[in-house]
Amino acid sequence: MDIAKRFPENPLLKPQSLAASTVKLQVICLLNPAAFTYQSKTYLLVRVAESVAPQAGKLFIPVRMANDLLEVMELKLDDPDLINTDARIINYKGLDYLTTISYLRLFSSEDGVSFRPETLQLHGMGALERYGIEDCRVSKIDDTYYLTYTAVSENGVAVSLRTTKNWQQFEHLGVIFPPHNKDVAIFEEKINGKFYALHRPTSKEIGGNYIWLAESLNGSHWGNHQCVLKSRPHYWDSARVGAGAAPIKTSQGWFAVYHGANHQHRYCLGAVLLDLKNPAQVLARTEEPIMEPLENYEISGFFGSVVFTNGHLVNGDELTIYYGAADEFICGAKFSITEIMEQLKWG
Ligand code: MAN
């Protein structure tokens with residue numbers, strides 16, 4: 001059952017809200033923000049997807065070259081070497097490309113509802129981030145913020161890590177989960193002295209798009225991988241599942257919101273409860289989505305029928321989820337954690 005209390009102000013941010021990072025491009029989508037508080041303000045680290053303004057009969061592919069500078073490939077739509085069936089990805093002469101290039105842009109707010117852009121922009125750096133960086137999670141442990149985000153290049157879709165203490169200087173630790181992997185959420189507390197993270201490798205032939213757990217001694221080298229949560233045939237999450245933001249510690253277990261999609265690429269949210277001492281053990285899971293695309297701004301957009309979250313704030317029982325709607329808009333919704341817990345079906 002959809003139990004989200006959507007902000008009446010939704011969408012909070014639209015592509016028109018922001019000027020592009022360069023005159024060569026325009027903002028196509030604002031989506032999938034990380035959320036955190038810093039010095040008593042609310043911040044969103046928003047994924048901005050940009051491309052060249054559309055022109056009849058043409059397709060433009062923005063990529064970063066070896067020196068990190070932007071270049072734009074121009075293709076003709078009737079080119080027989082072009083396979084163009086998905087708004088997000090194309091194949092040209094046997095190689096995959098993205099139709100937009102994403103970077104991360106910081107927005108701040110006093111009230112958690114009205115956000116304005118800050119100057120900070122984080123762009124892809126190096127060979128493994130050449131097609132852009134996406135869908136960041138921000139986890140705070142002690143005084144360090146860990147930014148885990150999707151790093152896309154011709155080598156595949158991986159997860160990179162940057163850290164910061166002050167949102168001015170960043171350390172780029174490179175790829176921490178090699179392709180194909182996404183949706184890395186680091187727990188905001190060590191368990192038995194170790195870092196823990198949820199991640200989502202993809203296996204094309206055997207297995208699927210399942211959520212895994214990994215451990216680390218330093219936050220950048222990960223091991224002891226275990227498969228935790230699978231997609232479920234005939235359910236709303238039959239094709240893929242992936243973690244949202246950092247799991248939330250409750251008296252009953254680690255409470256995690258996740259996204260699931262079916263084979264029609266309809267993205268909804270669900271929740272799962274993991275054992276406090278051994279988070280590889282699933283205690284309970286929602287049967288029905290706790291949120292599904294219902295509003296116009298969730299159903300139609302760059303890629304319709306999507307609610308996707310990788311950022312939330314917790315205040316007692318109140319969970320504020322920031323989410324990407326239809327892969328184009330930034331929205332917000334409130335939940336009661338107790339109400340979600342009541343939807344969980346135990347083991
Ligand atoms: C999927 C979508 C896109 C994204 C690519 C690469 O196709 O999530 O938005 O750009 O993967 O991560």
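In listed order, ligands and their atoms are each counted from 1. Position 1 is the first residue of the sequence, and the numbers go up from there.
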Salt-bridge criterion met for Arg105 and Glu50 (N-O under 4.0 Å): no
Protein contact of atom 2 (C) of ligand 1 - nearest heavy atom, named by residue and atom, plus distance: Arg88 NH1, 3.6 Å
Region of Arg47 that comes within reach of ligand 1 [heavy atoms, distance under 4.0 Å]: side chain
Side-chain donor/acceptor of Asn296 to backbone N/O of Ile299, under 3.5 Å: no
Proximity to ligand 1 by part of Leu98, non-hydrogen separation under 4.0 Å: side chain
His123 and Tyr103 aromatic ring geometry - parallel, tilted or perpendicular at 30°/60° bounds: parallel
Nearest-neighbour protein heavy atom for atom 11 (O) of ligand 1, which is reported as residue plus atom name and distance: Lys182 NZ, 3.0 Å
Of the listed options Leu31, Ile89, Val157, closest to atom 7 (O) of ligand 1 (non-hydrogen atoms): Ile89
Working for ring-ring contact (aromatic ring centres under 6.0 Å, His included), residues Trp212 and Phe177: CA-CA 12 Å; Trp212 288 59; Phe177 290 92; over 10 Å; no
Atom 12 (O) of ligand 1: nearest protein contact (heavy atom, Å): Glu134 OE1, 2.7 Å
Worked check of ring-ring contact (aromatic ring centres under 6.0 Å, His included) between Tyr322 and Phe115: CA-CA 12 Å; Tyr322 292 97; Phe115 284 89; 5.7 Å; yes
Contact check: Thr150 vs ligand 1, nitrogen or oxygen atoms, below 3.5 angstrom: no
Sole residue of Lys230, Arg266, Arg232 in salt bridge (charged side-chain N to carboxylate O under 4.0 Å, His left out) with Asp237: Arg232
Heavy-atom gap His265 to ligand 1 smaller than 4.0 Å: no
